[in-house]
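Report on the following structure.
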Amino acid sequence: MLSHPAIFFDGVSNRRRTVEIRCTDKLEIHADNTHLASWSFPDIRIVDTQPGIIRLWSTQAPELARLEIRDAATRALVEPLCPNRNGPGSAQTASAWRIAAWSAVAAAVIAAAIWFAVPVLADEIADILPASWERPLGDAVDRQVRLIYSGQACTDPTGRAALKKLVARLQSVAKLAAEPDPIVLESNIPNAFALPGGRVYVLSALLEKARTPDELAGVLAHEFGHLSHRDGLRRLIRDGGTGYLAGLLFGDIGGAGAALFAARSLLNAAYSREIEANADRFAVAALQQLGRPTAPLGDLLTRIVGPESKTFSILSDHPLTPDRNNFLAQPAPDPPGPV
């Protein structure tokens, strides 16, 4: 009976043996006329292949047992006798399982980045994004804002001039990275809000409710605080995750879907009390630098919605509590400056 050369590891010791194999009804492994093992052909699996080398293992042998065949003729003889050579436990199956396992791990990592990493790092990401990127975002969202409110923009030159003058006074102390661009929209909702990039919207109902320029200045100064702290941008990154962040990075924020998402996310924003308190502090500091009182902001909010209400955007998740009202009711600087 013909014998064929091979190298054998028994899986118990680390000993490397040069052996001879014989093909009977089983694969017989011998060394120095000593029978070492008999492997049934249906139990044999290919566990590794390299150029010119094939390594076999039997499912009935120790897990680390290996039979290494380097001779091409021997390989051509043995392989066809092993019907399950690529079955469970083979290199092919193991590779497929490894690919599936690593694919699952990669998917889990990506999902974790979307749902956890990006929201957690939203503040840090927003801090490093250039301010110049916010203007295209504001331009794209502006169209959606006008559709959502479906109101006409005010074109009265006198009113527009007065609002621009007030905004310019606030900007002189706020020093926002993007020059504020005020727009008045017709609406029965008393509100004001600002978008990343400097777009500032005042709804006509708020102008009707405001009794003095100081009340309107207080609301605008609060919204300037959100712009200065980039709260809207942080909110978009936190809500939109990696998909929206990629849109910001590659400039793909002009699509209707992305712009609509951004508009609704910003208009429905409910900032935390800490964020709103920071905007209040910014407003108070700005108004005091201009020599203006801060109490009118609290007066306007109380008159519109009353204490403890959440129907006004500035009060979302931050009602006009006594502490907040007391903070806004600080004594006016002496002497007050013109608005």
Side-chain angles (χ1 to χ4, degrees), residues 126 131 134-135 137-138 141-142 145-146 148-149 153-154 160 162-185 187 189-207 209-210 212-236 262-290 292 294 296-301 304-305 310-320 324 327-328 339:
E134 296 186 33
R135 178 64 76 176
L137 171 61
V141 174
D142 174 70
V145 169
R146 293 174 187 253
I148 290 172
Y149 280 95
C154 174
R160 287 174 56 85
L163 180 60
K164 284 192 174 184
K165 179 181 178 181
L166 176 57
V167 167
R169 287 279 291 155
L170 290 170
Q171 170 65 355
S172 68
V173 294
K175 302 186 185 306
L176 301 178
E179 193 72 23
D181 180 17
I183 300 171
V184 177
L185 292 178
S187 173
I189 301 173
N191 200 355
F193 53 91
L195 299 181
R199 292 293 177 92
V200 181
Y201 298 85
V202 179
L203 302 187
S204 58
L206 180 67
L207 295 177
K209 293 287 186 179
T212 67
D214 283 321
E215 291 182 346
L216 178 58
V219 173
L220 292 175
H222 177 98
E223 293 302 325
F224 279 22
H226 287 309
L227 284 178
S228 178
H229 303 149
R230 309 184 84 177
D231 295 328
L233 184 61
R234 298 175 202 278
R235 177 62 180 260
L236 284 178
R264 294 193 180 279
S265 180
L266 289 168
L267 296 179
N268 295 328
Y271 294 122
S272 69
R273 294 196 177 194
E274 180 182 0
I275 291 175
E276 293 289 0
N278 287 336
D280 278 347
R281 284 189 280 271
F282 183 93
V284 167
L287 292 170
Q288 287 182 341
Q289 288 185 64
L290 291 175
R292 304 310 306 171
T294 58
L297 172 57
D299 296 339
L300 174 61
L301 300 182
I304 292 176
V305 296
K310 295 187 179 182
T311 60
F312 188 68
S313 67
I314 293 180
L315 297 178
S316 298
D317 284 348
H318 189 196
L320 191 62
R324 186 186 185 200
F327 176 74
L328 294 174
V339 173

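Computed over heavy atoms, backbone and side chain alike; hydrogens, waters and symmetry mates excluded.
- Of the inter-residue distances, the one linking Leu170 atom CG with Lys165 atom NZ reads 12.5 Å to the nearest 0.5 angstrom.
- Closest non-hydrogen pair, Leu290 versus Arg169, comes out as CD2-O, 3.6 Å.
- Side-chain polar atoms of Tyr201 and Asn191 form no donor-acceptor pair below 3.5 angstrom.
- Note that NE2 of His222 is 10.5 Å distant from CG of Leu227, once rounded to the nearest 0.5 Å.
- Pairing each heavy atom of Phe282 with each of Ala174, the nearest pair is CZ-CB, 3.7 Å.
- The closest side-chain heavy-atom distance from Ile183 to Asp142 is below 4.5 Å.
- Across all their heavy atoms, Ala283 and Gly218 have their closest contact at CB-O, 4.2 Å.
- Annotation for Gly197 and Ala178: closest pair O-CB, 3.4 Å, computed over non-hydrogen atoms.
- Counting only heavy atoms from C-beta outward, the side chains of Val200 and Leu163 never approach each other to under 4.5 Å.
- Arg160 has its side chain out of reach of Val184: every pair of non-hydrogen atoms, C-beta onward, lies at least 4.5 Å apart.
- Between the side chain of Ser204 and the backbone N or O of Ser187 there is at least one donor-acceptor pair closer than 3.5 Å.
- In plain terms, the two heavy atoms of Pro213 and Leu166 that are nearest each other are O-CD2, 4.3 Å.
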- Query: Is there a side chain to side chain contact (heavy atoms under 4.5 Å, CB included) between Cys154 and Val202 once you walk through the steps?
  - Reply: CA-CA 10 Å; Cys154 174; Val202 179; over 6 Å; no

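- Using a 4.5 Å heavy-atom threshold, the side chains of Asp299 and Asp214 count as separate.
- Taking CG of Leu195 as the start and CD of Glu223 as the end, the distance is 9.5 Å to the nearest 0.5 Å.
- Contact between Lys209 and Glu215 at its shortest, heavy atoms only, is O-OE1, 4.2 Å.
- Note that CZ of Phe224 is 6.5 Å distant from CD of Gln171, once rounded to the nearest 0.5 Å.
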- Could you walk me through whether Leu185 and Val145 pass the side chain to side chain contact (heavy atoms under 4.5 Å, CB included) test, one step at a time? CA-CA 10 Å; Leu185 292 178; Val145 169; 4.1 Å; yes

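- If you take CZ on Arg234 and NE2 on His229, they are separated by 8.5 Å, rounding to the nearest 0.5 Å.
- For the side-chain contact (heavy atoms from CB on, under 4.5 Å) with Leu287, the qualifying choice from Leu297, Leu328, Thr294 is Thr294, the only one to do so.
- Between the side chain of Glu179 and the backbone N or O of Gly198 there is no donor-acceptor pair closer than 3.5 Å.
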